[in-house]
Structure formats: structure tokens, C-alpha cells
Protein chains: 2
Amino acid sequence: MPINLNDPRVRKTRKELQNAFVRLILCKGYDSISIQDIASESDTARITFYRHYKDKEELLTDCLNTLYEDLVQKTSPISAAGILAGYSPVSTLYAHIEEQETLYRVLFSSRGTQTVIERMRHHMAERILDAIRQSGRAPESNIPPEIIAYHAASAQIGLAIWWLDHGKPYPASYMAQISLWLTLTGVIETMGGSDFKPPIPMLT
Amino acid sequence: MPINLNDPRVRKTRKELQNAFVRLILCKGYDSISIQDIASESDTARITFYRHYKDKEELLTDCLNTLYEDLVQKTSPISAAGILAGYSPVSTLYAHIEEQETLYRVLFSSRGTQTVIERMRHHMAERILDAIRQSGRAPESNIPPEIIAYHAASAQIGLAIWWLDHGKPYPASYMAQISLWLTLTGVIETMGGSDFKPPIPMLT
DNA sequence: CAGCTTATGTTACACTCTGTATCATAAATT
DNA sequence: AATTTATGATACAGAGTGTAACATAAGCTG
């Protein structure tokens, strides 16, 4: 007797569990939420939770999988023409965040280890800000230095995580070199230059 | 009667709690660990845990704070000369990861929401790989396209998180433009060009 | 509409984990 | 050697978990 996902009762129950869960996460954080809390907040019987999900984790996954799939579905294939017209996977992402802000807040809500990574990213960004200030240059098109720094810091921390997660396929020193190179010169230069230039970002 | 951190018994107990905790995280994941587990694994009485830490979270923080502080302490101030000689905060980070690999694995070990972010990053990286392949170019110096893609994807996802966490201080469309621009043209071009070029990364 | 099916609600139970208390023991400090 | 302080053993109340049996209510079908 697997649960019939087309039954309106089931859909209602799941939606209420998910909504209650999201409210609770934003209000008191993931870790301190009990199944009882979810049941109370959603006005369902506690046992009903177990009829749908094994544990909190599974409910969370259910909430966020939809988000991921929706993003993928909305991401159109990349093309130079699209980018010149202002379309890219990045712009899709930002639009999606605005559209589903609450769920993204849940997704990004820090837990435990995350705050340490966040501090490392911040530290890295500060070092990059130092370098920018030290260069004594004002950026073209008034891009806020903070953004430059966080963009670069995220790339560097993220690539390091990728590297470790993938079993350190290259030497650390080589990775560090590449990471710095990519940040400083960008993909176009790395790919041997190009006739095509992206639009210079300006606040309108 | 606050606990005396210089007492060798205290130091021993804490070290054993931390080591046991790290082992357990790597083996069965953070969420499913109970205080009892930590006590058993570390051969201490359960009540001893509570004499040192309020909960799991606090123990985790204790484990990782040291890591963060050690990294910060080892990061030397940035300078163009240093970068030319191969020193940068990035290289410090990679060296530190190699040195403290186990703790970094704990730090990066995915929990719940993280796997969804990871999938988004992967998705973004795949789109970037598409673009690289589509361009039909071979990168200078044989930098693996996978690295380029993950570097860029991390930057873009990370900047989006920063943007949301900081209260969306700029319009989404502007952020998307900047994110793309920085990725494609890099910091040097963004800062109005420079006489100084970083070393081209090569596998030696 | 009546009858069947299926999801939810109620109550109950055994179990694990938590957080705390008390007292005994062992290790450090003086 | 005496005192201080940390750890260990045992116990307990309370909360949360996961499951069961049965009753009720909502949806589907002829």
C-alpha cells in the first residue's frame, strides 16, 4: 500500500508539512526542530509524518529537490548570443532566487560547519580587498570591491572543496596557481582570448 | 568552578572527545551522532561530555575554530611580489588543507542542504563546460576545463549566497551581470588592466 | 447514493536520548 | 600529605522516537 500522490488529501498533508517545516527552519533553525514540532505546527498527527517521511532529512530533501529541479528546468542552454542579450545560467539563478526567496533562505541557512566555511570565505575576501586597495586602482564601471572580493573568495574556497571532494586529482600547488590565475585573468584570457566581450555591468 | 583548561586531565578528555567526534562524523555523519556515541567512542562517561560542552554543536565549533584560527595565523599579507614568487592566500589555503586534511574533510562533509547546493554547483559547472566546449577552443597551458568550470560555478553560487545573506543590496540583474563579467574577464581587466601578470599555471 | 478504499486521527507502548543530581574515586596542585 | 578538582558510577525524570491497533473521515467507483 504505497501512498497515492494524486490523492488530494496526501497533497494537502505534504504541503502543510513542508510549509510548517520551512517556517520552523527560518524561525528556530533546522537542528532544534523535532518531528513533534512539525506535527504541531502543521496541525497533523505525529504519526502522519512517519507515513510520508523517514525523518527530517527526507522532508528537507523533498522541499529542496523541487527547487533544484525547477531551477534546472528554467536554465536555458548557454550561447554567446544569449549572453550578449543578457541571458546566462547566472541570470537564471538570480531570477530564481528572487522568485523563491524563502526556499533559498532555507537552503542557504547556515548550519554548524557552514559558519566556519563562511568565516574562511570572509577572511579570504578581506585579503582580496586588501590587495584591491593596495593596487590603488578604481575598478572600471564602479563595480563594488566587496563584490569582486566575495566572487573571488567563493571561487577559491569552492574550488578547494571540489578538489578535496574529488580525491585531490592535482597537486595543491598547481591548484593554487590555477585558482589565482583564473581569478585574476578570467575565463576569456584563459581560453586564449576571444573576439566576443560580455557587456560591461553598469547600475542603471 | 569553571573548568581549568591547563589541567592535563581536561586537555586529555577534550582531545579524546574531539578525536572521537571527528572519527564518528567521517564514519556515520554528523546528524546521526548522539552524545552517547561520543562518550562510548571516546571511552569517557557521558556526563563528562556535559561538563565540557553544551551540545554537539559546541564540540564541533571547538574542533573547527582551532582550524580557522590556524589558517588565519598562517596567511601572510598579500603583495604583488609575493604572488610572483608563488605565495598568496590561496596557496596558503591549499597547503593548510593538505596539512589538516582530516579536519577539512569534516568541515566540508555535506549535510542536508549542502547536497542540494552541491547539485546546483554541479549543474552550473556543467553549463559552463557546455560553453567551453561550444567555444571550440583549447585553453592555454592545458588547464583542465573541469577546474575552470568548478572555479566559475563556485564563484557564481557563492556570490549569490553572499548577496541574499546581505539583504540583496543590489538588483538581481546587476549582480548577474557582474558575476558573469568577473568570471569571463577576471579581476585584472576589471581593475583597469595592469602591468603585472600572474605566472601561467603549468603542471611540472 | 451506497459501498469500498485509503488517508488521517487517537491512544498507547517500549525504547533511546537528554540533561541533571549525588556520591565515590582518581588524578593534579600546593 | 593534604587539599582541590576532574572524572566515573548510578540513578531518575522528562522529551522525543518509531511502531501498533483501532476508529474516523475523506476520496473514489459503480
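Below, chains carry the letters A, B, ... as their sequence lines are ordered, and counting in each starts from 1.
Nearest nucleotide to the A:Arg46 side chain, out of C:dG9, D:dT17, D:dT7: D:dT17. Of all nucleotides listed (D:dT17, C:dC17, D:dA6), D:dA6 comes nearest to the side chain of B:Asp7. Of the candidates D:dG16, D:dA21, C:dT18, D:dA21 carries the atom nearest the A:Arg51 side chain, counting heavy atoms from C-beta on. In this structure, the nucleotide among C:dG19, D:dG16, C:dA28 sitting nearest to the side chain of A:Gln36 is D:dG16. Proximity note for B:Val10 (side chain, C-beta onward) versus D:dT7, C:dA7, C:dT8: the nearest is D:dT7.
In this structure, A:Trp163 and B:Tyr94 have perpendicular ring planes: the angle between them is above 60°, well past the 30° mark. Between A:His123 and B:Tyr68, the angle of the ring planes goes over 60°, which puts this pair in the perpendicular group of the 30/60° scheme.
Note on the helix from C:dC4-D:dG27 to C:dT30-D:dA1: terminal axis deviation equals 40°, with five pairs used at each end and the result rounded to 10°.
One atom, CD of A:Glu58, and another, C1' of D:dG18, lie 14 Å apart when rounded to the nearest Å. Rounded to an integer number of Å, the gap from CD1 of B:Ile35 to C1' of C:dT16 is 13 Å.
Counting non-hydrogen atoms under 4.0 angstrom, A:Ile47 reaches a base of the nucleic acid.
We find that A:Asp31 and B:Lys56 are not joined by a salt bridge, their nearest charged nitrogen and carboxylate oxygen being 4.0 Å or further apart.
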